[in-house]
Every structure is written in structure tokens, then in C-alpha cells.
Number of protein chains: 2
Amino acid sequence: MQISSRFTIAVHIFSCIDTFGASEKITSDFLASSIQVNPVIIRKLLGQLRDAGLVAVQRGTGGASLAKPADEISLLDIFNAVESLESGKLFHFHENPNPNCPVGRSIHPVLDGRLDQIQSAMEREMQRITLADIFADTKKYIAITSHS
Amino acid sequence: MQISSRFTIAVHIFSCIDTFGASEKITSDFLASSIQVNPVIIRKLLGQLRDAGLVAVQRGTGGASLAKPADEISLLDIFNAVESLESGKLFHFHENPNPNCPVGRSIHPVLDGRLDQIQSAMEREMQRITLADIFADTKKYIAITSHS
DNA sequence: TATGGTTGTAACAAGCGAGGTTACAACTTC
DNA sequence: GAAGTTGTAACCTCGCTTGTTACAACCATA
């Protein structure tokens, strides 16, 4: 099962805030047209990002902005905000291994640490990448492809 | 979205083969009772593991066994065998970013590499762990908890 | 060759989460 | 109050996971 597109959509939202935030009001409708999904999807996502302390959203008047400097928001922060994993675990373990079987008893103690180890490797990599990196790359890409 | 339990079930299957393979015939019914899931689930999984060249399954007479030495089967091999990701990608990207928006155009080129980088970190960790490691840990755990 | 245990697979169902959509109350500025 | 926006409820569809029954194909052995 793939990780849901909420994650890439969230990054897209941040890139829009950075690119257009100075000149335009970043509403859910504006974002919806860049991302091409329903505005309500965006609002729900912005709600998750707000609850995680990553964005500020203006009620009534409208508009989203960063709640922190870009280099203090990592991809892991975003991932954890929008991808609420069951009890924080990336891997879904089968529920009822047979406790009367030696292997059934041992599978959890043996595997749990390994699964954490794998998940940690992924999280470490996500933590190393911040929005500052993404914004820099986006600026570079837009500059290269626009001065034609 | 969590990774499906097929992965942990598959590892459980291998542990049973290693622990009981010498003394018992490892049928889908036997495995089903240790894992406590339906035998048909096991047969489908064994089919995927067989197609990936990881196990050998006897038709008619029944029984599963390793198709390779344990230290030549990594958790990544198992993961790829049972968790068929859409086009091999861990992250589901939103389908239609707006090509008329600078950010919509750049989000793919900017993010794709980063996502691959994260997925690679996870895969590298999975590749480092082989069934030989799991089997050794299982033996250790069973030994410790059985001589009471 | 007939029997019994087993695998492979089809067919279906229930449950869950993702993603979509409409609708509307609550809010804020003008 | 009007206009634009957010927050949220309610509902839908779709696909995937997991579970289940059923049965043909298979193979060793009696």
C-alpha cells in the first residue's frame, strides 16, 4: 500500500505559499487550482498542518502562511502531520500470531526492533530534508525553465 | 496508510519453515494455525513468494521450503515479492498538478528525486537484514524463553 | 487406479481508508 | 449587511485488504 498523496499535496501547498505568498492571497481555491484537487481536500489538509503548528490559516479573510522558518520544517514534520499512521508504525503487523507456537510467540520480539530500524532509516532521511531545500530547488527549476 | 501485514506474515512463514521444516511438513494449514489467518491467505502469499523465487512449494503432496540460502534472502526481497507497489514507488503522487502554474510544473522534477532518496534509505536498510539474521534471533529467543 | 491430503485459484463479501463533492454555519473585513 | 473565505458535516465512490467457500488440479501411496 502506497503512502497517500496527502504528503506530496502538502509539500505542493508549501511551495505555493513560498512562491506566491508575497504577491497573492493563498486561499484553498487558489491552491486547489494549482494542485487540481477539490478545495475541501485542501482545507482538511491545511487543518492538519495548522494543528501540527506548521502553517497559520486566516479565518474569514482567508489565506495561509508558514508558521515557522522554512529551514525548521522538515519533510518528516509534514509527513507526521498529514499521514497519521496507526500508533505511529509504518508496518501493519498481523494481529494474532499463535501464542501456543514457539514461532508465534517469538515473531513480535524478533521483528519489532527490525521494523523500527527500517522505519527510522526512512524518518532520518525525511528529517534531513527541509522546506528550505525544496524551496531552493523550486526557485532554481522555475528560473531555468522560464527564461526561454 | 500502513504497509500491509502480508510482509510480516511472510517473515513469519519463513521462520516456521526454518524452525519446523526439518521435523514437519509445512503446509498452508500448518502455517495458518501458527499465524492465525485463513489458509487461503497463506497459499496466495506462498504463490507470490514462489513467483519471486524465494520458496519452493510442493503441489499435491504439499509443503513449503526455502528456494535459496537464508543469507541470500533479504527483507527487501520479501517486501518486493509481497507488497507490489504501484510502479515500484512508495509515495503516491497527486496525479494532475496544474501545468499552467509554475509550481504545478516544478513539483514533480523537484520532489521525485527526494522521494526516491527517502525510499532508497528504507530499501537499503531492508536489504541489510537477511533471513539468516531473523532465524538467528528467533532461535535465540526460543532458547531463552523455553528453558524455564 | 482409487483415495486422501494438498495446492492453486476463482468468486464473492465485508470493512476501511482515500479522494471527491455538496452544503452550510461561522468568521472577518469592508 | 454583503462578500469572500474557512471549518466541518454528511454523503458517495473506488480500490485494497482480509476473510471465506468452493472446487479443480495435482501427487504419493495403498
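Please read all numbers here as calculations on a predicted model, not as lab measurements. Reminder, nothing fancy here: chain letters follow the sequence lines and each chain counts from 1.
Scanning DNA chain D 5' to 3' for nucleotides with an atom closer than 4.0 angstrom to a non-hydrogen atom of chain A gives a first and last hit of D/dG4 to D/dT18.
A/Gln127 pairs by the side chain to side chain contact (heavy atoms under 4.5 Å, CB included) definition with A/Ser74, A/Leu76, not counting sequence neighbours. Partners of B/Arg6 according to the side chain to side chain contact (heavy atoms under 4.5 Å, CB included) rule, which considers only residues two or more places apart in sequence or in another chain, are B/Ser4, B/Leu45, B/Gln48, B/Val82, B/Glu83. Residues forming a side-chain hydrogen bond (donor to acceptor under 3.5 Å, both in side chains) with A/Lys89 (at least two apart in sequence, or on another chain): A/Asp116. The side chain to side chain contact (heavy atoms under 4.5 Å, CB included) search around A/Glu24 returns A/Phe20, A/Phe30, not counting sequence neighbours. Annotation: side chain to side chain contact (heavy atoms under 4.5 Å, CB included) contacts of A/Lys140 (sequence neighbours excluded): A/Asp137.
Both B/His92 and B/Leu46 lie near DNA chain C, and the one whose nearest nucleotide falls closer to the 5' end is B/Leu46.
Contact annotation: B/Arg43 side-chain N/O to C/dT6 OP1/OP2 distance is not under 4.0 Å.
For DNA chain C, none of the residues of residues 9-20 of chain B falls under the heavy-atom distance limit of 4.0 Å. Near DNA chain D, meaning a heavy atom under 4.0 Å away, the residues from residues 25-41 of chain A are A/Lys25, A/Thr27, A/Ser28, A/Val40.
The interatomic distance linking A/Glu83 (CD) with C/dG17 (C1') rounds to 11 Å, in whole Å. What separates CD of B/Glu24 from P of C/dT6 is a distance of 12 Å, to the nearest Å. When rounded to the nearest whole Å, the span between CD of B/Glu95 and C1' of C/dG20 equals 13 Å. Rounded to whole angstrom, the span from the NZ atom of B/Lys44 across to the P atom of C/dA10 amounts to 10 Å.
Among residue pairs with one or both ends in residues 51-73 of chain B, none qualify as ring pair (Phe, Tyr, Trp, His ring centres under 6.0 Å); sequence neighbours excluded. The list of salt bridge (charged side-chain N to carboxylate O under 4.0 Å, His left out) pairs with a residue in residues 118-132 of chain A, not counting sequence neighbours, reads A/Glu125-A/Arg128. For residues 102-144 of chain A, the set of pairs meeting the ring pair (Phe, Tyr, Trp, His ring centres under 6.0 Å) definition, not counting sequence neighbours, comprises A/Phe93-A/His108.
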Could you give the side-chain donor-acceptor pairs of residues 53-71 of chain B under 3.5 Å, partners two or more places apart or in another chain?
none

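In this structure, B/Gly60 reaches the bases: a heavy-atom distance under 4.0 Å links it to at least one base atom across the strands shown.
Taking 4.5 Å as the limit, every side-chain heavy atom of B/Asp112 sits out of range of all side-chain heavy atoms of B/Phe91.
Distance check: A/Cys101 SG to B/Ile142 CD1 gives 7.5 Å after rounding to the nearest 0.5 Å.
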